[in-house]
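Structure first, then comments.
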2 protein chains.
Amino acid sequence: MAYSKVGDEELLSKILQVFRTYGNEGATLSRISEATGLEKASLYHRFPGGKRDMVRTVVESVHEWFGENVIHPLDAKGSPADRLHRVLRNLREFYQGGRNSCLLDTLSLPAVEGRLDRALRESLLAWLEGFARIAKASGFSERAARERAQDAIVSIEGALVLVRVLHDTKPFERALDRLAETLIKMEK
Amino acid sequence: MAYSKVGDEELLSKILQVFRTYGNEGATLSRISEATGLEKASLYHRFPGGKRDMVRTVVESVHEWFGENVIHPLDAKGSPADRLHRVLRNLREFYQGGRNSCLLDTLSLPAVEGRLDRALRESLLAWLEGFARIAKASGFSERAARERAQDAIVSIEGALVLVRVLHDTKPFERALDRLAETLIKMEK
DNA sequence: GTCTATAGCTTGATAGAC
DNA sequence: GTCTATCAAGCTATAGAC
């Protein structure tokens, strides 16, 4: 194989793409090697802990991305509706209009060895809390806001499954289009 | 290993359980052998086509189960609300209150070799059409009925993902509790 | 910091005894 | 119709050259 170099950020992004596409078991080192252009031994130099190290780093990096591009903007300045719309743009990009699966889905099957469980759960809880805060800020009660946050994420995760099975991104577009209705209290 | 026999139905049900729990890549012959009590060679006697044969049979059998316990009851006698409630009971049992994942989710990652794709898509389309028919029967327009059918299945699939990550079946219970609202047009 | 080469294990699959 | 024993291929992981 030709000698190749790749920056940390680009490397991680390509590995993420393999995990979100194939899931944990399907993300073999061969596929990761092919996607990144690095031989297996080079991957072990970058991630001394091997595959567990890679998946752990990927989950952490997505958690950080969500913090910066979803959770934090939800609490920024502007009307709740404006803040949510900025976040919807980021989510659409992150999931590539529905063509990318969610790690919460593809990495949550129990075959996974390391205690990835806890990290996924914490990421999801942070997302639920972020959505609940903006729903509450728009006028919903504490309880209603929590329910609507759950409904919102359920609709995203479910839509991603339908997109994968149907090979049609419309369910994801529809889910995002309806999120404002779910999370922002409207005037009557 | 001790000599063991197992009926066709029980065998298939145990194999289904492995696939829905671990997904296609995670459902190894070792796990299937352990779950069924049959050695690998015996599994090949029952399923000459090997793992592909097993997963194909599992998907077909679930498709049939859905026909009998979901699609058909939706078109039976009684008010739309009554018909839907019978189906909700069956879905709750099938997904074990949310503890079981859905094959549409766990088998739809692209790592799968055989053309399982088409079968999953057809199953999902039949489900969508069934839900759309009962929504229409309860008074929704053709277009609204199709949208609501999609929302209903999205909420089930999404809730199953949340249950798996949170280790808490409440999202699934909530999703089922809200299905009647989604699919049955209420008096105002 | 990348590569080639390979070790050791698990996978899906098969041969043949009972 | 089940079992034990085994195979080749693919897996994660490592040694060592450059």
Side-chain angles (χ1 to χ4, degrees), chain A residues 1-59 103 106-107 109-116, chain B residues 1-59 103 106-107 109-116:
Chain A
M1 187 184 252
Y3 191 93
S4 92
K5 286 200 176 204
V6 58
D8 281 2
E9 202 166 332
E10 189 189 350
L11 176 61
L12 198 59
S13 140
K14 291 191 166 162
I15 296 179
L16 161 63
Q17 200 55 28
V18 177
F19 275 102
R20 76 195 322 188
T21 302
Y22 296 105
N24 188 66
E25 325 266 347
T28 63
L29 291 186
S30 307
R31 281 201 173 107
I32 295 173
S33 168
E34 190 182 16
T36 59
L38 286 185
E39 280 301 333
K40 295 173 198 176
S42 309
L43 291 170
Y44 272 86
H45 181 80
R46 304 290 201 96
F47 299 90
K51 200 175 155 177
R52 290 154 98 114
D53 199 355
M54 294 181 211
V55 72
R56 210 203 72 247
T57 309
V58 159
V59 169
L103 293 182
T106 64
L107 295 184
L109 294 182
V112 182
E113 61 293 343
R115 279 274 60 71
L116 205 54
Chain B
M1 186 183 255
Y3 192 93
S4 93
K5 286 199 176 204
V6 58
D8 281 3
E9 201 166 333
E10 189 189 351
L11 177 61
L12 197 60
S13 141
K14 289 191 169 163
I15 296 180
L16 160 63
Q17 199 56 30
V18 178
F19 275 102
R20 77 195 321 188
T21 302
Y22 295 105
N24 187 66
E25 325 267 346
T28 63
L29 291 187
S30 307
R31 280 201 175 107
I32 295 172
S33 168
E34 189 182 17
T36 59
L38 286 185
E39 280 301 333
K40 294 175 200 175
S42 308
L43 292 169
Y44 272 85
H45 181 79
R46 303 290 199 97
F47 298 91
K51 200 176 154 175
R52 290 155 98 115
D53 199 355
M54 292 180 213
V55 72
R56 211 203 73 245
T57 308
V58 159
V59 169
L103 294 182
T106 63
L107 295 184
L109 294 181
V112 182
E113 61 293 343
R115 281 273 60 72
L116 205 54

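Below, chains carry the letters A, B, ... as their sequence lines are ordered, and counting in each starts from 1.
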Side-chain N,O ([X]) to OP1/OP2 ([N]) below 4.0 Å:
| X | N | result |
| --- | --- | --- |
| B/H45 | D/dT2 | no |
| A/R52 | D/dT12 | no |
| A/S30 | D/dG10 | no |
| A/R31 | D/dG10 | no |
| B/Y44 | C/dA13 | yes |
| A/S42 | C/dG1 | no |
| A/K51 | D/dT12 | yes |

Is there a side-chain contact between [X] and [Y] in this structure, where contact means two heavy atoms from C-beta onward sitting under 4.5 Å apart?
| X | Y | answer |
| --- | --- | --- |
| A/V6 | A/T36 | no |
| B/M54 | B/L29 | yes |
| B/L109 | A/T21 | no |

Closest-nucleotide ordering on DNA chain D, the 5'-leading residue of B/Y3 and A/G50
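Going by which nucleotide is closer to the 5' end, it is B/Y3.
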
A/K51 (side chain) donor-acceptor with A/A27 (main chain) under 3.5 angstrom |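 Yes, because the side chain of A/K51 sits within donor-acceptor range (under 3.5 Å) of the backbone of A/A27.
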
Nearest whole Å is fine: how far is [N] [atom2] from [X] [atom1]?
| X | N | atom1 | atom2 | answer |
| --- | --- | --- | --- | --- |
| B/M1 | D/dC3 | CE | C1' | 10 Å |
| B/K40 | C/dG16 | NZ | P | 19 Å |
| B/R56 | C/dG12 | CZ | P | 18 Å |
| A/E34 | D/dT12 | CD | C1' | 17 Å |
| B/E25 | C/dT10 | CD | C1' | 14 Å |
| B/L11 | D/dG1 | CG | C1' | 12 Å |
| A/E39 | D/dC18 | CD | C1' | 15 Å |
| A/Y22 | D/dC11 | OH | P | 12 Å |

Discussion item. Base, sugar-phosphate or nothing for B/G37? Non-hydrogen atoms, less than 4.0 Å.
Written reply: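 Result for B/G37 = sugar-phosphate.
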
Look at all strands and tell whether A/T28 reaches a base, only sugar-phosphate, or nothing, counting heavy atoms closer than 4.0 Å.
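Since only primed, P, OP1 and OP2 atoms lie under 4.0 Å of A/T28, the category is sugar-phosphate.
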
Quiz item: Nearest to the side chain of A/L29, which nucleotide is it out of D/dT12, D/dC3, C/dC3?
Solution: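 Closest nucleotide to the A/L29 side chain: D/dT12.
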
Self-check item: Check ion pair B/R46-B/D53 (N to O, under 4.0 angstrom)
Solution: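 Salt bridge flag = no for B/D53 with B/R46.
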
